[in-house]
Amino acid sequence: VKCCPLDTKERRIQRTVTTTQQDKMGVEGCFKCMKYTLVAFNVLVLIIGGAVLGLGIYIQVTDFGVDKISSILGSDMYQIGVYLLIATGATTVVISFLGCCGAAMENRCMLGFYFAV
């Protein structure tokens with residue numbers, strides 16, 4: 001029994017559509033993997049930045065060996081170091097938060113700022 005030409009043409013179209021859907025699924029899977037990897041990395045950096053920020057605030061508020069360190073470095077250097085820790089931690093927290101939220105919500109503005117910085 002011979003197949004009509006229309007039948008084979010429909011099969012070719014169906015195969016093409018199926019292949020295109022498979023390619024699209026592969027690309028979507030790759031983007032999801034990149035998205036979750038970026039979110040996980042930014043959560044890790046957010047935690048580290050929070051720890052640095054907390055350490056800086058803790059040193060500023062308490063007497064964390066101020067006498068010993070100030071005598072070695074000088075009081076100005078000690079205060080500059082503490083403020084530098086606080087500024088670095090705060091900046092890291094803000095930038096990683098923008099990257100994490102931008103990746104999770106797929107917000108181009110947040111991601112653009114994140115990659116520009």
Cluster check Phe115, Phe41: I/L/V/M/F/W/Y, side chain < 4.5 angstrom: yes

Leu85 to Gly56 - nearest heavy-atom pair and separation: CB-CA, 4.1 Å

Close side-chain approach of Thr92 to Ile48, heavy-atom, < 4.5 Å: no

Nearest atoms (heavy-atom pairs only) where Cys100 meets Val43: SG-CG2, 3.7 Å

Donor-acceptor contact present, side-chain Ser96 to main-chain Val93, <3.5 Å: yes

Min side-chain heavy-atom separation Ile95-Thr91 under 4.5 Å: yes

In one Ile/Leu/Val/Met/Phe/Trp/Tyr side-chain cluster, 4.5 Å: Leu46, Val117: no

ILVMFWY cluster, Leu53 and Ile59 together (side-chain gap under 4.5 Å): yes

Value rounded to 0.5 Å, distance of CG in Leu111 from NZ in Lys35: 10.5 Å

Val94-Ile47 co-clustered via ILVMFWY side chain contacts under 4.5 Å: no

Cys101 to Met110 - nearest heavy-atom pair and separation: CB-SD, 3.8 Å

Asn42 side chain reached by Phe97 side chain, heavy atoms, under 4.5 Å: no

Atom pair CG (Leu55) and OG1 (Thr88), whose distance is rounded to the nearest 0.5 Å: 11.5 Å

Side chains of Leu38 and Tyr114 in contact at under 4.5 Å (non-hydrogen atoms): yes

Sub-4.5 Å side-chain heavy-atom contact between Ile57 and Val82: no

